[in-house]
K.L.:
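I have a structure here, written as structure tokens, and I will follow up with some questions on it.
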Amino acid sequence: MSGKLYLVATPIGNLEDITLRALRILKEVDYIVAEDTRQTLKLLNHFEIVKPMISYHRHSTEEREEQIIDKLKQGKNIALVSDAGTPAISDPGEQIVKNALKENIEIIPIPGPCALIAALIASGIDTKEFTFLGFLPLNKKSRKEKLIEIEHSTKTTILYEAPHKLITTLNDLKQVTNKRKIVLAKEITKIHETYFSGTAEELLEVIKEPKGEFVIIIDKNILDEEQNLENMSLEEHYKFYEKLGYEKKEIIKQIAKDKKVKKDEIYKKFL
Ligand code: SAM
């Protein structure tokens with residue numbers, strides 16, 4: 001009989017956040033598959049757990065994935081952990097889960113800390129509906145597409161970001177979110193845990209040299225929720241962007257983009 005694959009969430013800063021079940025599973029399994037074995041060793045040492053570890057990270061080979069699946073097929077129970085938080089959320093794990101399911105291996109999540117959920121519930125921003133986009137892509141075209149998605153999103157958007165890229169990302173968000181509220185959740189569960197709230201522009205005035213880990217929570221676009229750009233008359237469309245504080249030139253450019261026509265066409269209509 002095959003073994004079980006446990007996806008074990010681990011603390012994102014405060015070791016007290018490990019669950020009793022996570023500790024039991026880590027003690028009981030045959031192997032721990034870890035994103036960073038040195039990091040996981042610190043956790044295991046703290047809780048006096050001694051267990052053989054297998055390294056598995058984003059650059060691991062297919063061969064390593066096969067080794068893990070083979071061990072499960074041989075009846076070994078495995079716990080998969082990432083550096084911190086919930087495995088397979090902007091972390092390795094997803095592929096192993098897919099491969100294991102193909103082999104009818106039982107997958108058991110052991111829920112616990114997850115930065116996006118902790119940040120969202122503390123943000124004061126709508127939790128009913130949200131979109132998690134992970135890290136924004138670095139590729140220019142894909143990044144622009146995601147930013148447009150955020151611009152028109154009628155749901156809360158959640159992003160992860162590395163500290164050295166935070167200012168660039170806030171500058172990009174400034175272009176598409178205007179006066180919408182953004183919350184930056186910094187170092188959740190750690191000593192320097194702080195929540196910053198404001199528009200992208202306001203946040204850029206406060207955060208000059210970001211250090212630590214950040215989750216970005218962006219409020220929905222209420223105007224988009226209320227109005228459907230495609231069905232608007234030209235005048236309504238103009239007023240919509242005027243309300244957002246856009247200049248005439250920008251408004252015309254934006255309308256042309258929304259209506260997928262050339263800028264000149266819109267110019268002529270306004271003349
Ligand atoms: N799997 C993890 C989870 O469950 O949240 C996420 C891993 S992802 C590689 C790392 C990103 O998560 C960081 O760049 C940051 O955006 C966010 N993050 C992780 N821990 C955090 C913390 N303590 N405070 C704020 N953000 C955190």
Side-chain angles (χ1 to χ4, degrees), residues 5-19 21-22 25-26 32-40 42-43 46 55-60 79-98 107-125 127 130-138 143 146-147 150 156-173 182-198 200 203-204 206-207 209-218:
L5 176 62
Y6 296 92
L7 307 171
V8 181
T10 55
I12 54 168
N14 187 329
L15 288 179
E16 286 180 31
D17 290 332
I18 191 100
T19 69
R21 190 166 172 227
I25 297 296
L26 291 175
I32 296 175
V33 168
E35 184 184 8
D36 180 342
T37 49
R38 276 179 305 179
Q39 185 70 19
T40 301
K42 285 185 208 157
L43 179 85
H46 183 86
S55 154
Y56 177 67
H57 46 78
R58 67 190 78 243
H59 303 298
S60 288
L80 183 120
V81 297
S82 62
D83 271 3
T86 300
I89 298 295
S90 297
D91 263 339
E94 198 180 350
Q95 195 53 46
I96 291 279
V97 171
K98 285 181 181 161
I107 313 285
I108 303 174
I110 309 295
C114 183
L116 76 104
I117 298 297
L120 174 66
I121 58 170
S123 70
I125 292 182
T127 61
F130 60 88
T131 309
F132 172 59
L133 297 180
F135 293 91
L136 278 182
L138 296 179
R143 188 172 175 96
K146 288 288 166 205
L147 286 165
I150 295 171
T156 299
T157 304
I158 307 174
L159 301 175
Y160 281 165
E161 194 47 284
H164 62 285
K165 294 187 192 135
L166 185 68
I167 298 293
T168 307
T169 295
L170 282 176
N171 272 311
D172 286 348
L173 289 174
I182 296 180
V183 171
L184 294 181
K186 178 187 168 187
E187 296 280 90
I188 305 164
T189 76
K190 301 186 198 176
I191 297 169
H192 298 293
E193 179 166 4
T194 319
Y195 297 84
F196 302 91
S197 169
L203 291 169
L204 279 162
V206 181
I207 317 256
E209 285 174 28
K211 286 195 185 92
E213 297 196 278
F214 289 86
V215 179
I216 307 172
I217 316 273
I218 306 155

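Every heavy atom of this structure was used, including side-chain atoms; hydrogens, water molecules and symmetry mates were not. Order of appearance sets the numbers: ligands from 1, and atoms from 1 within every ligand.
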K.L.:
Taking E187 for its side chain and E213 for its backbone only, find out whether a donor-acceptor pair lies under 3.5 Å.
P.N.:
yes
K.L.:
Identify the closest protein heavy atom to atom 10 (C) of ligand 1: which residue and atom is it, and at what distance?
P.N.:
F135 CZ, 4.0 Å
K.L.:
Heavy-atom distances under 4.0 Å decide this one: backbone, side chain, both or neither, for A185 against ligand 1?
P.N.:
backbone
K.L.:
List the closest protein heavy-atom neighbour of atom 21 (C) of ligand 1: residue, atom name, distance to the nearest 0.1 Å.
P.N.:
E213 OE1, 3.6 Å
K.L.:
Shortest non-hydrogen contact from T86 to A9?
P.N.:
OG1-CB, 3.8 Å
K.L.:
Please list, in number order, the atoms of ligand 1 under 4.0 Å from a heavy atom of D91.
P.N.:
1 (N), 2 (C), 6 (C), 7 (C), 9 (C)
K.L.:
Quick check on contacts: which atoms of ligand 1 are under 4.0 angstrom from a heavy atom of V215?
P.N.:
25 (C), 26 (N)
K.L.:
In a check of side-chain contact (heavy atoms from CB on, under 4.5 Å) between L7 and each of I107, I108, I110, which one passes?
P.N.:
I107
K.L.:
When you look for heavy atoms under 4.0 Å from ligand 1, do you find them on the side chain of F214, its backbone, both, or neither?
P.N.:
backbone
K.L.:
Tell me: protein heavy atom nearest atom 5 (O) of ligand 1, and distance?
P.N.:
Y160 OH, 2.7 Å
K.L.:
Backbone N or O of T37 within a donor-acceptor pair of the T40 side chain at under 3.5 Å?
P.N.:
no
K.L.:
Give the contacting part of A9 toward ligand 1: side chain, backbone, both or neither, where contact means a heavy-atom distance below 4.0 Å.
P.N.:
neither
K.L.:
If you take all heavy atoms of F132 and Y160, which pair is closest and at what distance?
P.N.:
CZ-CE1, 3.6 Å
K.L.:
Once you restrict to heavy atoms under 4.0 Å, what part of E193 touches ligand 1? Side chain, backbone, both or neither.
P.N.:
neither
K.L.:
Below 4.0 Å from any atom of ligand 1, is there a heavy atom belonging to G13?
P.N.:
no
K.L.:
Any carboxylate oxygen within less than 4.0 angstrom of a Lys/Arg side-chain nitrogen, looking at R58 and E35?
P.N.:
yes
K.L.:
Which ligand 1 atoms are under 4.0 Å away from a heavy-atom of A115?
P.N.:
3 (C), 4 (O), 5 (O), 17 (C), 18 (N), 19 (C), 20 (N), 21 (C), 27 (C)
K.L.:
Has K211 got more than 12 heavy atoms of other residues, nucleotides or ligands less than 6.0 Å from its NZ?
P.N.:
no
K.L.:
In terms of residue, atom name and distance, what is the protein heavy atom nearest to atom 4 (O) of ligand 1?
P.N.:
T86 N, 2.7 Å
K.L.:
More than 12 heavy atoms of other residues, nucleotides or ligands under 6.0 Å from CZ of F130: yes or no?
P.N.:
no
K.L.:
Using a 4.0 Å cut-off to any heavy atom of A84, which atoms of ligand 1 qualify?
P.N.:
1 (N), 2 (C)
K.L.:
Below 3.5 Å, N or O to N or O, backbone or side chain included: is there any such pair between I12 and ligand 1?
P.N.:
yes
K.L.:
Scan side-chain atoms only and decide if R38 and S55 contain a donor-acceptor pair under the 3.5 Å cut-off.
P.N.:
no
K.L.:
For ligand 1, which atoms have a heavy atom of K190 less than 4.0 angstrom away?
P.N.:
23 (N)
K.L.:
With a cut-off of 4.0 Å, which atoms of ligand 1 are near a heavy atom of I89?
P.N.:
1 (N), 2 (C), 6 (C), 7 (C)
K.L.:
For atom 8 (S) of ligand 1, what's the nearest protein heavy-atom neighbour? Residue, atom name and distance, please.
P.N.:
S90 O, 3.6 Å
K.L.:
Taking atom CD of E94 as the centre, report whether more than 12 heavy atoms of other residues, nucleotides or ligands fall under 6.0 Å from it.
P.N.:
no
K.L.:
Which heavy atom of A88 sits nearest to which heavy atom of G93, and what is that distance?
P.N.:
CB-C, 4.0 Å
K.L.:
Can you report which non-hydrogen protein atom sits closest to atom 22 (C) of ligand 1, along with the distance?
P.N.:
I188 N, 3.6 Å
